[in-house]
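See structure below.
Side chains included, hydrogens not; waters and symmetry mates left out as well; all remaining heavy atoms used.
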Protein chains: 2
Amino acid sequence: MPKDFESSQESYAKEVLREKGLKSTAQRLAVVHVLHTSGKSLSVSEIHQEVKDMLGATGLATIYRTLEMFEDLGIVKRLHFPGGGYGYTFCQGRHVHHMVCVDCKGVFDFPECPVENFDYSSVEKQGFRVKDHFIQLFGQCVKCAEAA
Amino acid sequence: MPKDFESSQESYAKEVLREKGLKSTAQRLAVVHVLHTSGKSLSVSEIHQEVKDMLGATGLATIYRTLEMFEDLGIVKRLHFPGGGYGYTFCQGRHVHHMVCVDCKGVFDFPECPVENFDYSSVEKQGFRVKDHFIQLFGQCVKCAEAA
DNA sequence: ACCTAAATGAGAATAATTTTCAATTGACCT
DNA sequence: AGGTCAATTGAAAATTATTCTCATTTAGGT
Ligand SMILES: [Mn+2]
Ligand SMILES: [Mn+2]
Ligand SMILES: [Zn+2]
Ligand SMILES: [Zn+2]
């Protein structure tokens, strides 16, 4: 029997960390757990608070360090909000885009890529070589639309 | 004869300000000038520096206040960079998207909208109502590609 | 030329992020 | 199971970013 229950998201993160020779610390796994459990985008300090709830005293710097590392590894993605500010969501290394509810910051996956077959010729004529893209949809989720 | 040379971008901003009953101050027009002159995305402190070069002593708070207001008015747009951080670009109230050179932060307009006719049905089935979107392309401009 | 509400500048206050470094710990090897 | 050691962490300080306050200035209307 497995020594404890572990989500596929958590084992995915452990695997990526191991491949890169990085350690699977309790703090790092807690960040994964918190992000994948929450259906919404979380700010750095929200993540910090929830990790403290799980593990007790935890340095805020560790949260910053972990999120930066996870973003580089493609484990999490940083989302931006209209009025400024940002939050993180779990993305498990997949190329996905997200819809964000502007009221509750709920995050919904969006697997189709709107620029998959997009014709960049008009911009590539200017010599610009497109290498990546960032797409985010804003709107209201069912709950918030009903509440309004 | 006109009392001085004024770009269409600057007169556009003056017009929007007047319509809203807001004042066309030297500081606000300098921000417009700086942004539309520079072909690249500028950080708050870069804008502050350039405005000081034009006008002399200028409060940093004024730059923050102006950029927030201009963003609400649709005069400028805030762009985000991969490693974190952001910058502003002029957009003159148009619905455009932007390509950003990851090396020099040069900004290139991108008038076609990749999600114009995009089928949101798969996501709207979840009840999410899409109201807006944010799209940004990353890559290299000609100059930076050659330099590399 | 006034008048007046809007806008500004300077600095204080607050918030966000990064750095430093001694102590801890996870992964690997007996 | 215990030993080793580089990686990681926590706490606090340092730095950087942003907002607030309020006395003074100014744009735009009369
Ligand atoms: Mn995509
Ligand atoms: Mn668009
Ligand atoms: Zn919602
Ligand atoms: Zn470039």
In whole Å, what is the span from the CD atom of A:Glu46 to the C1' atom of C:dA16? 15 Å
Value in whole Å for how far the P atom of C:dT17 lies from CD of A:Glu71: 12 Å
Ignoring backbone atoms, establish whether B:Tyr64 has a side-chain N or O less than 4.0 Å from OP1 or OP2 of D:dT19. no
Take the protein atom CG of B:Leu60 and the nucleotide atom P of C:dA13, then report the distance between them rounded to whole Å. 17 Å
A:Lys131: side-chain contact (heavy atoms from CB on, under 4.5 Å) partners, not counting sequence neighbours: A:Arg129, B:Gln140
Here the distance between atom P of D:dA27 and atom CG of B:Leu55, to the nearest Å, is 11 Å
Between C1' of D:dG28 and CG of B:Leu29, the distance in whole Å: 14 Å
Determine whether a donor-acceptor pair (N or O, by modelled atom type, separation under 3.5 Å) exists between the side chain of B:His48 and the backbone of B:Thr58. yes
Looking only at atom types and distance, does a side-chain atom of A:Arg28 sit under 3.5 Å from a main-chain N or O of A:Thr25, one as donor and one as acceptor? no
May I ask you to decide if the ring planes of A:Phe134 and A:His80 are parallel, tilted or perpendicular, using 30° and 60° as cut-offs? perpendicular
Atom pair distance, as rounded to whole Å: CD in A:Glu68 and C1' in C:dA16: 14 Å
Is it the case that the side chain of B:Thr66 and the backbone of B:Thr62 share a donor-acceptor pair, with hydrogens and angles ignored and the cut-off at 3.5 Å? yes
Would you mind building the protein contact string for nucleotides 20-30 of chain C? One character per nucleotide, 5' to 3', B for base within reach (heavy atoms under 4.0 Å), S for sugar-phosphate only, - for untouched. B----BBS---
Rounded to whole angstrom units, what separation is found between the CG atom of B:Leu42 and the P atom of D:dA17? 15 Å
Looking at residues at least two apart in the chain, or sitting in another chain, which of them share a side-chain hydrogen bond (donor to acceptor under 3.5 Å, both in side chains) with A:Ser121? A:Asp119
Categorize B:Ser45 for me: base, sugar-phosphate, or nothing, with a 4.0 angstrom heavy-atom threshold over every strand shown. nothing
Without decimals, in angstroms, what is the distance between A:Leu67 CG and D:dT9 C1'? 15 Å
Inspect the contact between B:Arg94 and B:Asp109 and indicate whether a charged nitrogen and a carboxylate oxygen are less than 4.0 angstrom apart. yes
Would you say a side-chain N or O of A:Tyr86 is under 4.0 Å from OP1 or OP2 of C:dT17? yes
